Protein chains: 2
Amino acid sequence: MTVTLADVAARAQVSPATVSRVLNGNYPVAASTRERVLRAVDELDYVLNGPASALAAATSDLVGILVNDIADPFFGIMAGAIQSEIGGPGGRAGGERLAVVCNTGGSPERELTYLTLLQRQRAAAVILTGGAIENEAHVSAVAAKLRKLADAGTRVVLCGRPPAPADTDAVALTFDNRGGGRRLTEHLIGLGHRRLGYIAGPEERTTTRHRLEGHRAALAAHGIEDDPRRTVHGRYDRRSGYEATLELLRREPDLTAIVAANDTVALGACAALRDSGLRIPGDVSVAGFDDLPFSIDAVPALTTVRLPLAEAGARAGRIAMSREEPPPGGIATVGGELMVRGSTGAPRP
Amino acid sequence: MTVTLADVAARAQVSPATVSRVLNGNYPVAASTRERVLRAVDELDYVLNGPASALAAATSDLVGILVNDIADPFFGIMAGAIQSEIGGPGGRAGGERLAVVCNTGGSPERELTYLTLLQRQRAAAVILTGGAIENEAHVSAVAAKLRKLADAGTRVVLCGRPPAPADTDAVALTFDNRGGGRRLTEHLIGLGHRRLGYIAGPEERTTTRHRLEGHRAALAAHGIEDDPRRTVHGRYDRRSGYEATLELLRREPDLTAIVAANDTVALGACAALRDSGLRIPGDVSVAGFDDLPFSIDAVPALTTVRLPLAEAGARAGRIAMSREEPPPGGIATVGGELMVRGSTGAPRP
DNA sequence: AGCACCGCAGCAAGCGCTTTCTATCCGGAA
DNA sequence: TTCCGGATAGAAAGCGCTTGCTGCGGTGCT
């Protein structure tokens with residue numbers, strides 16, 4: 001029914017071994033033979049059996065990419081960049097790699113499940129993107145998995161994630177969330193703000209914690225008391241930003257600035273502010289994080305911290321494919337750039 | 001080195017066959033035996049070898065999802081919904097399916113390449129999302145591939161795509177782009193607009209053509225001449241919307257409304273209008289398409305056509321997993337809902 | 001008491017490919 | 001002319017798993 005290597009071999013009048021070698025191009029085959037084989041492949045419309053090949057060669061050409069939310073451009077941009085780098089040449093049979101994008105939805109269980117599934121597929125590489133969950137049991141479970149993957153020859157790269165334990169052999173490209181958060185808040189303080197609300201992401205996530213720490217560091221550095229009532233936790237989505245803003249306003253109506261965990265949350269905050277009859281930045285300044293494409297289209301355009309998502313993703317992809325040297329020590333920090341735009345201004349006097 | 005089925009069998013004192021059956025749960029195994037095997041699996045930390053299993057069983061648990069642009073929430077939302085449906089129960093070994101999200105970038109070649117790669121992996125199902133490319137050679141090449149996939153037992157579902165030739169056996173969930181486009185433009189006409197600009201997507205794509213046809217049908221139905229100078233083609237991104245708007249304004253400064261190919265393009269159009277000193281909708285009304293999450297946060301909020309992306313994706317996923325009956329005839333049309341918001345209003349008199 | 005059967009476990013034959021090792025053919029060196 | 005080595009091609013042994021078929025006790029029936 002389906003065409004196999006043997007069929008091609010028969011038609012080209014060579015042995016299956018030769019066909020395999022032509023297809024993998026890693027063994028000398030006479031040009032004339034090669035051509036004959038290629039013609040047979042073409043005529044028969046032969047497609048290699050991936051699983052069989054993976055089994056025999058003990059490697060596959062799948063690359064796993066774990067993301068927290070595939071509908072979020074933050075991850076989409078990274079995933080796209082990674083994928084564009086892993087497809088290229090540099091491997092077996094045409095060098096085609098298949099990216100497996102796994103949507104964990106932020107759930108620790110699913111993260112682990114996907115890691116197992118990838119291990120089961122004998123993935124060539126695995127790239128974990130976005131913040132990690134901070135839960136001792138889970139962190140060590142993930143570390144154990146990563147170690148196992150590495151043992152099985154799977155290259156592991158973290159993109160936008162804090163480093164894993166060194167013995168996992170995982171390369172980490174970390175975003176400087178702390179530094180970005182700090183610069184952002186300092187920008188606001190420089191503008192004269194003293195009463196700033198902060199809408200944080202979900203607790204137990206490194207990204208959330210680091211950005212918040214940066215914010216607090218800025219406050220502390222300028223002698224501003226950090227009233228815990230000015231911080232609200234929520235999800236990384238618009239709705240959450242909307243509700244958190246209302247809550248913040250209820251608690252402290254005379255806030256002059258709101259810093260959001262990310263751009264999406266900031267957008268929700270803007271909506272809540274507008275619905276409350278407040279002007280941006282006239283009454284309240286708003287700042288986001290990430291600089292997703294839509295942020296510049298907000299009205300007013302969002303002041304935020306630009307993270308080089310695509311660049312980081314591309315680099316992670318290259319490292320995963322061994323087409324670029326890992327950074328020394330296996331860890332590199334990727335900085336963010338403060339983008340000052342219309343949504344922040346001096347507070348009303 | 002790595003643990004195999006045989007190791008588990010040895011430890012549980014049963015034959016490999018029994019272990020396999022316990023793991024696949026499709027053959028009667030005595031409870032006590034099952035338990036013993038499961039314990040061994042656990043103690044040995046055994047992970048099934050996917051490729052080997054796929055080879056022997058002639059099926060894999062990979063599901064391919066083709067998208068045009070993974071960084072675009074339009075696709076991200078569908079992909080996420082699909083993935084949440086295919087992970088569930090209903091299959092072998094824990095029912096875990098691995099979603100392979102492939103980013104074609106809108107390139108015909110890559111689309112074909114990915115289809116081949118998926119065929120090579122013997123994917124359990126393949127779901128193609130978004131509009132198709134309208135190029136005779138490519139369409140028939142894709143149809144041929146789909147046919148081959150179907151022959152190999154891969155279920156094929158199109159989500160948000162026009163139906164493929166009937167002999168491909170592909171189930172299609174099509175968006176009513178034409179109807180949505182028509183209603184959107186009729187809304188504008190109803191408001192009193194007579195000079196409407198249209199920013200279309202890339203040529204040779206079904207989505208582009210259908211939306212444009214709907215627009216034109218509305219114009220025709222109301223006796224409005226369709227001046228070709230009022231239509232500009234571009235990509236489905238913000239930048240393109242920005243530039244196209246400037247071009248439209250140059251050609252015809254007194255347009256009173258601009259209909260964009262999608263929300264992202266509409267956002268770019270809004271930015272261009274603002275930069276040109278025009279008010280929305282005071283001077284020019286703007287409408288989008290899709291109703292992506294950020295559209296409601298635009299200022300003013302975008303009038304658009306809401307496409308039930310998540311619902312359609314979920315349904316496609318279920319159909320692909322045979323957990324839902326395909327629609328009669330294998331084709332279903334999914335309608336869009338007109339969302340009238342602040343970006344459209346009556347034209348200045 | 002004898003027989004058919006059922007429930008459960010094992011045997012063994014692959015699934016389609018890769019790869020080591022071996023065989024062959026050839027040109028040129030001796 | 002004989003012999004040796006390089007360049008190619010083939011034979012065959014798996015890779016780790018699934019599954020059709022066989023085998024073996026024990027239950028229920030007559």
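Model, not experiment: these values are computed from the prediction.
- Distance CZ (A:Arg120) to C1' (D:dT18): 15 Å, rounded to an integer number of Å.
- Using a 4.0 Å heavy-atom distance criterion, A:Val19 is classed as making no nucleic acid contact.
- In this structure, B:Arg34 atom CZ and C:dC8 atom P are separated by 10 Å, rounded to whole Å.
- For A:Ala56, whose side chain is taken as the heavy atoms from C-beta onward, the closest listed nucleotide among D:dG10, C:dT18, D:dC21 is C:dT18.
- Comparing B:Ala31 and B:Pro16 against DNA chain C, the residue whose closest nucleotide sits nearer the 5' end is B:Ala31.
- One can place CG of B:Leu5 at 14 Å from C1' of C:dG10, the figure rounded to the nearest angstrom.
- Distance B:Arg36 CZ to C:dG10 C1': 13 Å, rounded to the nearest Å.
- Residue B:Ile133 holds its CD1 atom at 4.5 Å from NE2 of B:His138, rounded to the nearest 0.5 Å.
- Taking only side-chain atoms of B:Thr4, from C-beta outward, the nucleotide of C:dT19, D:dC17, C:dG16 with the closest atom is D:dC17.
- For A:Thr33, whose side chain is taken as the heavy atoms from C-beta onward, the closest listed nucleotide among C:dA9, D:dT19, D:dA9 is D:dA9.
- Side chain of A:Val29, nearest nucleotide from C:dG10, D:dA9, D:dG16: D:dA9.
- With a 6.0 Å radius and a threshold of 12 heavy atoms from other residues, nucleotides or ligands, B:Gln13 has its CD atom at or below the threshold.
- A donor-acceptor contact under 3.5 Å links the side chain of B:Arg21 to the base of C:dG10.
- In this structure, the CD atom of A:Gln121 is 13 Å from the P atom of D:dC17, given to the nearest Å.
- We find that CG of A:Asn49 is positioned 18 Å from P of C:dG14, with the value rounded to whole Å.
- As rounded to whole Å, 14 Å separates atom P of D:dG14 from atom CG of A:Leu55.
- A salt bridge does not link A:Glu134 to A:Arg205: none of the charged nitrogens lies less than 4.0 Å from a carboxylate oxygen.
- For A:Ser20 and C:dT18, the shortest distance from a side-chain N or O to OP1 or OP2 is below 4.0 Å.
- Closest contact between the side chain of B:Ser53 and the listed nucleotides C:dG16, D:dC17, C:dA9 involves D:dC17.
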> Where do B:Leu98 and A:Gln121 land on the side-chain contact (heavy atoms from CB on, under 4.5 Å) test, with the steps shown first?
Replying inline: CA-CA 10 Å; B:Leu98 239 195; A:Gln121 296 299 333; 3.8 Å; yes

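- Residue A:Gln119 is tested with A:Val126, A:Leu149, A:Leu146, A:Thr154 for a side-chain contact (heavy atoms from CB on, under 4.5 Å); the sole match is A:Leu149.
- Closest to the A:Ala17 side chain, of the nucleotides C:dC11, C:dT19, D:dA9, is C:dT19.
- Nearest nucleotide to the B:Ala30 side chain, out of D:dT18, D:dG16, C:dA9: C:dA9.
- For B:Tyr27 and C:dA9, a side-chain-to-base donor-acceptor distance below 3.5 Å is present, hydrogens and geometry of angles not being considered.
- In this structure, B:Arg122 places its CZ atom 17 Å from C1' of D:dT18, rounding to the nearest Å.
- Listed candidates were D:dA9, D:dC15, D:dT19. Nearest to the side chain of A:Thr18 is D:dA9.
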Which pairs would a plain distance check flag for residues 31-47 of chain A, meaning a side-chain donor or acceptor within less than 3.5 Å of a matching protein atom at least two apart in sequence or in another chain?
residue : atom : partner  : partner atom : Å
A:Arg36 : NH1  : A:Ala12  : O            : 2.5
A:Glu43 : OE1  : A:Arg11  : NH1          : 2.0
A:Asp45 : OD2  : B:Lys148 : NZ           : 2.3

